[in-house]
Amino acid sequence: MKVRLITIPFSHYCEKARWALERCNIPYEEDGHLPLFHYLANRRAGAKRTVPVVVDGVHLITDSTDIIAWADAKKPGTLIPTGDARAEALALEDELDRDLGPATRRWGYFYLLPQKQLDHVITRGVPRWEAVALKVTRPIAVAMLKRGLKIDAAGAERSRAKIEEVFARIAERLADGRRYLMGARFTVADLTFAALASPVLLPREHPFGLPPPEEFPVAAQDQIAAWRASPAGRFGLRIYAEHRTP
Ligand SMILES: N[C@@H](CCC(=O)N[C@@H](CS)C(=O)NCC(=O)O)C(=O)O
């Protein structure tokens, strides 16, 4: 039986959960919604505010980290190391969830929200009525997102600095030539870094087809190019190319 994955399709935390379900061979049906519209689906399922949410008829799993733990438990070791490295891999996942996720989201939204012509990205995979309703609700939704997530020039700059800091930490970890963050094998840490960096690296293999850098304002394009060329950026793009089938 397929589980239901409630998402905001372009959300990077949702991409993290989706990728994990696929990697753990768990059949799922995606129930995608626009931001704010997702509250209705969450409420019906008995979940709180955020997506991703997994509903399997018995369990309700309401956080991407818990979804990965649940998925991995079905075939232990698929993503989360079973031995000594377990605690370190999970700590790295938590650190990226806390530091990288909010920063890439704010920076990406800051440049994406003013671009109405990119709404086709935001509305991909959501019910048609929501996409139609967006034409009316867009100003309210944008105002709520801006206020809720502190999306303004100062916030974008703070997030840019935070992304630099995390990318530097990742580069330091990779400096000994290891292929993956935990060593020789792809784990939850690599998946989390690549998924949460996707709003600023824009990997081609992202299943929802993120907009190419050329669609961003020039100032953002230069920054995206610099991140893509950095050691952590090259690593994130390689993880997508080698471990994410479109
Ligand atoms: N810690 C959560 C974070 C998820 C999260 O922040 N989801 C965002 C979408 S990117 C959300 O649902 N925001 C809606 C809200 O907070 O109202 C996880 O890992 O699942």
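Each ligand, and each atom within it, is numbered from 1 in the order the structure gives. The chain is numbered in sequence order, starting from 1.
Inter-residue side-chain proximity for P207 and R18 is flagged as met; some heavy-atom pair is nearer than 4.5 Å. With contacts defined as side-chain heavy-atom distances shorter than 4.5 Å, the pair E93/I80 does not qualify.
Atom 15 (C) of ligand 1 has Y39 OH, 3.7 Å as its closest protein atom, hydrogens excluded (heavy atom only). Given atom 1 (N) of ligand 1, the protein heavy atom at minimum distance is D63 OD2, 2.9 Å. Nearest non-hydrogen protein atom to atom 20 (O) of ligand 1 is S64 N, 2.8 Å. For atom 6 (O) of ligand 1, the nearest protein heavy atom (residue, atom name, distance) is R105 NH1, 3.0 Å. The protein atom (non-hydrogen) at minimum distance from atom 13 (N) of ligand 1 is T50 CG2, 4.2 Å. Closest to atom 4 (C) of ligand 1 among all protein heavy atoms lies V51 O, 3.4 Å.
Counting heavy atoms of neighbouring residues, nucleotides and ligands inside a 6.0 Å radius, atom CD of E172 does not exceed 12 of them. Dense packing is recorded around CZ of R124, with more than 12 heavy atoms of other residues, nucleotides or ligands lying under 6.0 Å away.
Atoms of ligand 1 lying under 4.0 Å from at least one heavy atom of P52, given by number and element, are 20 (O). Contact atoms of ligand 1 toward S11: 9 (C), 10 (S) (distance under 4.0 Å to a heavy atom of the residue).
No single ILVMFWY cluster, assembled from side-chain heavy atoms under 4.5 Å apart, contains both I6 and L21.
A salt bridge between E164 and R160 is present, with a side-chain N of the basic residue lying under 4.0 Å from a carboxylate O of the acidic one. A salt bridge does not link R173 to E95: none of the charged nitrogens lies less than 4.0 Å from a carboxylate oxygen.
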* To do: Apply side chain to side chain contact (heavy atoms under 4.5 Å, CB included) to H12 and H206, showing your working.
  => CA-CA 10 Å; H12 54 349; H206 192 286; 6.0 Å; no
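When non-hydrogen atoms are compared, ligand 1 lies under 4.0 Å from the side chain of H38 (C-beta onward) but not from its backbone.
Not a single heavy atom of D97 lies less than 4.0 angstrom from ligand 1.
The N/O atoms of Y13, backbone and side chain alike, include none that comes under 3.5 Å of an N/O atom in ligand 1.
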